[in-house]
Amino acid sequence: MSDQIQFIVEKLNQEPFRKNYNLITFDSLESVQLLQLLSDVLGEIDPKHVVDIREELPEQTAKRMLTLLGILKYKPPGSVTDLSGFRQGLVTGSKPVIHPLLHWLLQRTNELKKRAYLARFLVKLEVPAEFLQDDTVADINKQYEELMEAFKNLHKECEQLKTSGLSTAEIRRDISAMEEEKDQLIKRVERLKKRVETVQNHQRMLEIARQLRLEKEREESLAQQKQEQKNQLFHAEQRLQRAQLQLKEMHQAVVDSKPESLMKKLEEEINFNSYLVTEKIPREIENKKNSEYLLQRVVAEPAMSQSDLSEIEAKIMEVRTEINQLTEKRMMKHEPAESKFSMYRQQASIISRRKEAKAEELQAAKEELSSTEKQMMQKSNQAQELGGSEVPRGDEFKHYVNKLRSKNTFYKKKRLEIAEITAEYGILQRTEELLKQRHEAVQQQLQAIEDKKGISGYSYTQEELERVSAVKSEVDEMKVRTLDNISEMVKKMNAMIAEKKASLAPVIKELRQLRQKCQELTQEWDEKKIQYDSCAAGLESNRAVLEQEVKGLLEECAQEESNYRYIHCMKRNLEVQLQRAKEEMKAYVSSDPQERRKAIREQYTRMILEQENLGKKLREKQKVVRESHGPNMKQMKMWQDFEKLMECKRECFLKQQNQTAIGQVIQEGGKDRLVL
């Protein structure tokens with residue numbers, strides 16, 4: 001709290017307040033003075049609040065301050081959580097309310113000035129909906145919102161210009177420096193002209209020098225044009241090489257392909273490009289526009305503190321929990337119509353996501369292909385410049401070509417198969433749709449006929465019976481097949497068992513002998529194990545007893561050692577205290593006054609006497625100040641009144657002198673006129 005008050009006093013003693021407070025005077029301020037001080041600080045932030053609180057009601061003062069504090073987004077500290085208590089403290093000028101508020105305001109004055117300035121233009125005026133029904137009011141409100149958006153954009157540009165590093169002072173310094181350089185150059189040119197005028201044929205030499213300068217500039221421009229033409233030639237050669245490669249690829253594709261495959265390829269490219277143009281790119285543009293709009297809104301809003309961000313995050317969490325609850329309620333309801341369509345929606349969303357993923361993969365593959373082609377062209381150009389060749393020759397090239405042709409033919413076959421399958425799938429899908437439509441039409445006609453005859457539901461019942469009979473027949477067939485399969489499996493298993501028995505007979509004989517040996521060894525192991533356990537138990541009990549004894553002795557040793565160290569420390573402390581007491585007694589009993597002054601008792605006695613004398617002097621001084629405070633204040637008031645009186649007399653005397661001077665001038669002018 002003392003650090004807080006110290007900070008407030010330091011800020012109030014600086015510009016623009018200059019209050020000349022100290023901790024005592026600030027702490028002794030009354031509630032009205034504190035409220036006036038708070039109003040002055042708010043007036044520094046927003047000039048509209050430069051008000052003398054004695055000229056307005058306390059309710060108006062509290063309302064005005066609370067409105068501005070709401071705009072500045074002030075939140076009372078943890079000790080003043082009750083809003084009504086905070087308002088009451090603000091009205092009464094309570095120190096626990098005013099001090100933290102002043103500390104918060106003086107800590108971030110510049111930021112709050114900016115926020116108050118923006119609030120004058122960005123706090124939207126809420127117009128009731130019934131008034132917006134009027135066209136005039138609606139138009140004015142629309143213009144108001146447009147002007148607000150324009151102000152946001154202009155403020156943003158202004159902030160960018162401020163932070164861009166270009167200040168008017170720097171520009172003025174640059175302009176002044178350039179003007180100085182210009183004057184120096186003009187003077188230098190004049191001096192050179194004077195020096196050249198003394199030379200013979202200086203005009204001809206100047207003309208030759210001018211022509212030389214023009215020729216040099218022309219040479220530089222021609223060299224630049226030459227370099228540009230070289231670059232253009234290089235780019236044209238690269239384009240030519242790419243075009244030749246594309247032409248070769250097209251020739252190979254035409255030689256080894258059919259018109260149907262080419263048309264299919266073009267259709268695929270057209271479909272992909274149309275998907276990009278109609279679906280993917282517009283969706284991405286819309287997302288970018290939405291994100292840009294949101295970012296503009298965020299930038300246009302005033303600066304947010306950590307508390308504002310925490311509030312927004314809490315609201316987001318609340319909305320998310322509400323969404324989850326609504327989703328759970330919807331899933332609990334489990335409506336049949338929604339359950340029917342949910343599967344199709346999931347399939348459609350999965351297909352759309354796959355489509356987007358494949359389109360992105362294809363786009364990335366195309367970009368990678370283009371970058372690879374550029375790298376290939378660069379490498380080929382480098383190889384040509386170095387005089388090398390990257391194309392394989394001889395048997396290696398033939399083997400490579402044969403391998404590529406085989407892969408190409410295999411790829412084309414598979415691609416044709418895929419195309420045929422996709423075409424057949426499309427035809428079957430269309431056929432299925434047509435059959436479904438016909439089936440629905442026939443079902444509707446059959447339903448109408450059944451309704452007319454009075455046997456509605458007959459066809460459905462007939463279909464159910466047929467379906468049940470078909471299912472029963474299938475189940476019977478499956479039972480027959482399963483019985484046959486089981487009989488065959490039983491036969492196979494019996495045969496396998498007989499084979500395994502024949503092969504395992506000698507192994508079983510050996511196993512019987514080994515079992516007898518195992519039983520004998522197990523008995524012997526049990527006897528040895530009993531002996532080992534009894535011996536181990538005896539040794540373990542002896543070991544536990546010894547460990548307990550050792551543990552007790554170690555603890556006793558540690559306790560004794562700690563007691564020894566404690567007693568040793570106490571002994572040393574007592575020796576030191578005894579030594580100090582002996583020295584003090586020796587100094588106190590000594591007849592030497594110098595030695596007696598060194599005693600602690602004498603030192604404390606002197607200090608007590610000094611403090612008592614100082615307290616008496618201060619009390620006397622306080623008494624004198626209290627007695628002379630009233631007369632001194634009256635005397636100061638009289639001197640101020642006397643100063644005002646003398647100032648008034650001086651002004652009257654000066655006015656009188658001016659009037660007499662003017663009268664003399666007028667009289668002299670009248671005399672001159674009479675003389676004339």
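The first residue of the sequence shown is numbered 1, and numbering continues consecutively from there.
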Problem - Point-to-point distance, once rounded to the nearest 0.5 Å, from CG of L101 to CG of L106 - result: 9.0 Å
Problem - side chain to side chain donor-acceptor pair (under 3.5 Å) between Q36 and D40, intermediate numbers included - result: CA-CA 6 Å; Q36 184 61 53; D40 294 340; 3.1 Å; yes
Problem - R115 and E111 ion-paired at < 4.0 Å - result: yes
Practice task
State, with a plain yes or no, whether a side-chain heavy atom of Q107 is found less than 4.5 Å away from one of K11.
Solution key: no
Practice task
Of all the heavy-atom pairs spanning S94 and P96, show the shortest one and how long it is.
Solution key: OG-CD, 3.0 Å
Practice task
Taking atom NZ of K63 as the centre, report whether more than 12 heavy atoms of other residues, nucleotides or ligands fall under 6.0 Å from it.
Solution key: no
Practice task
Kindly say whether E367 contributes a backbone atom to a donor-acceptor pair with the side chain of S371 at under 3.5 angstrom?
Solution key: yes
Practice task
Please assess Y74 against L105 for the test side-chain contact (heavy atoms from CB on, under 4.5 Å), listing each intermediate value before the final yes or no.
Solution key: CA-CA 9 Å; Y74 173 72; L105 292 172; over 6 Å; no
Problem - Euclidean distance, I140 CD1 relative to K142 NZ, rounded to 0.5 Å - result: 13.5 Å
Exercise for the section: Apply the test salt bridge (Lys or Arg N to Asp or Glu O under 4.0 Å) to residues K289 and E292: give CA-CA distance (whole Å), side-chain angles for both, the deciding distance (0.1 Å), then the verdict. Expected result: CA-CA 5 Å; K289 286 182 179 178; E292 182 184 4; over 6 Å; no
Problem - N22 vs N13 side-chain heavy atoms within contact, under 4.5 Å - result: no
Problem - Which atom of S39 lies closest to which atom of R64, heavy atoms considered - result: OG-NH2, 3.5 Å
Exercise for the section: Determine the minimum heavy-atom distance between I45 and L112, stating which atoms define it. Expected result: CG2-O, 3.6 Å
Practice task
Measure the CD-CZ distance between E318 and R320 for me, rounded to the nearest 0.5 Å.
Solution key: 12.5 Å
Exercise for the section: Supply the atom-to-atom distance L42 CG to L69 CG, rounded to the nearest 0.5 angstrom. Expected result: 6.0 Å
Handout entry: Separation of K95 NZ from L102 CG (nearest 0.5 Å)
Key = 12.0 Å
Fill in the blank from the handout: Output for pair (R283 CZ, N287 CG), nearest 0.5 Å, gives 8.0 Å
Practice task
Considering non-hydrogen atoms only, spot the tightest contact between H99 and I8 and give its length.
Solution key: O-CD1, 3.3 Å
Problem - Nearest atoms (heavy-atom pairs only) where A419 meets T422 - result: O-OG1, 2.6 Å
Problem - Non-neighbouring partners of D52 that pass side chain to side chain donor-acceptor pair (under 3.5 Å), sequence neighbours left out - result: R54
Practice task
Taking atom CD of E228 as the centre, report whether more than 12 heavy atoms of other residues, nucleotides or ligands fall under 6.0 Å from it.
Solution key: yes
Handout entry: Donor on one side chain, acceptor on other, E149 and N153, under 3.5 Å
Key = no
Handout entry: Residue pair K414 / E417, side-chain heavy-atom distance below 4.5 Å
Key = yes
Exercise for the section: Side-chain contact test, heavy atoms from C-beta onward, threshold under 4.5 Å: evaluate it for T61 versus L35 and give yes or no. Expected result: no
Problem - Atom of H103, atom of F7 and distance for their closest heavy-atom approach - result: CD2-CD2, 3.4 Å
Practice task
Taking salt bridge (charged side-chain N to carboxylate O under 4.0 Å, His left out) as the test, write out the residues that go with E361, two or more places apart.
Solution key: K358
Handout entry: Listed partners of Y293 passing side chain to side chain donor-acceptor pair (under 3.5 Å), at least two apart
Key = none
Exercise for the section: Tell me, yes or no, whether the heavy-atom count around Q14 atom CD, taken from other residues, nucleotides or ligands under 6.0 Å, exceeds 12. Expected result: yes
Practice task
May I ask you to say whether E432 pairs ionically with K436, meaning some side-chain N is under 4.0 Å from a carboxylate O?
Solution key: yes
Problem - Any donor-acceptor pair under 3.5 Å from S274 side chain to N271 backbone - result: yes
Problem - Atom CD of E433 with >12 non-hydrogen neighbours under 6.0 angstrom - result: yes
